[in-house]
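What follows is a short report on a single structure.
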Amino acid sequence: VTGVQTCALPIFQGHLRTMEMPITNEEYDLLLKFKNRDVVMSRKDLSEREVHVANLLVIKDVLNRKNQDGNIIYKRKALEE
């Protein structure tokens, strides 16, 4: 059983503020790889489990998933999106 952490994520709704949401330790560990907002990770560079966790973070609106020339990439969501 994985633990649950609370992560304060910046959001943008007219002005800058943060929102806390529970994420698992596994999600937190993967999110640390995206600490810098310019980091882009290819699906090919992630394990099968990391891809699953990244998709959960896409659902939670923390990461963006894009198809770039047939290659799936993940990037941390920007404040303006």
Side-chain angles (χ1 to χ4, degrees):
V1 177
T2 60
V4 175
Q5 296 189 20
T6 301
C7 183
L9 300 169
I11 60 172
F12 184 81
Q13 290 180 345
H15 61 294
L16 185 62
R17 63 182 184 160
T18 59
M19 174 181 75
E20 288 190 9
M21 74 169 48
I23 61 171
T24 66
N25 289 340
E26 196 172 22
E27 290 169 333
Y28 180 77
D29 290 342
L30 184 63
L31 192 56
L32 287 178
K33 292 183 177 184
F34 294 91
K35 198 167 192 173
N36 182 341
R37 293 198 184 280
D38 298 328
V39 172
V40 175
M41 297 194 80
S42 172
R43 180 181 182 143
K44 296 174 188 175
D45 297 330
L46 300 173
S47 70
E48 187 176 330
R49 183 63 188 168
E50 288 174 323
V51 168
H52 175 72
V53 173
N55 287 330
L56 293 174
L57 290 171
V58 169
I59 291 169
K60 290 184 176 185
D61 208 28
V62 176
L63 293 180
N64 278 333
R65 177 181 56 219
K66 294 190 180 187
N67 186 337
Q68 201 171 58
D69 301 323
N71 185 27
I72 305 295
I73 60 166
Y74 296 91
K75 186 175 181 180
R76 186 128 179 231
K77 197 135 178 146
L79 293 177
E80 298 82 30
E81 296 179 10

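For clarity, every value in this text was computed on a predicted model and none was experimentally measured.
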Verify same cluster id: L31, L46 (apolar side-chain graph, 4.5 Å): yes
Consider only side-chain heavy atoms of I, L, V, M, F, W and Y, link residues closer than 4.5 Å, and tell whether V51 and L63 are in one cluster. yes
For the atom pair CZ (R76) and CG (L57), what is the distance rounded to the nearest 0.5 Å? 10.0 Å
Heavy-atom closest pair (V39 atom, K33 atom, distance to 0.1 Å) is CG1-O, 3.5 Å
In terms of heavy-atom contacts, F34 and Y74 come closest through CE2-O, 3.4 Å
Side chain to side chain, E27 and K60, heavy atoms closer than 4.5 Å: yes
Let me check something: do V53 and I59 share a hydrophobic cluster, defined by ILVMFWY side-chain heavy atoms less than 4.5 Å apart, either directly or through other members? no
For the residue pair N64 and V58, what are the closest heavy atoms and their distance? C-CG2, 4.3 Å
Can you see which heavy atom on L30 is nearest to which on A54, and at what distance? CD2-N, 3.5 Å
Nearest non-hydrogen partners of R65 and I72, listed with the distance: CG-CG2, 3.6 Å
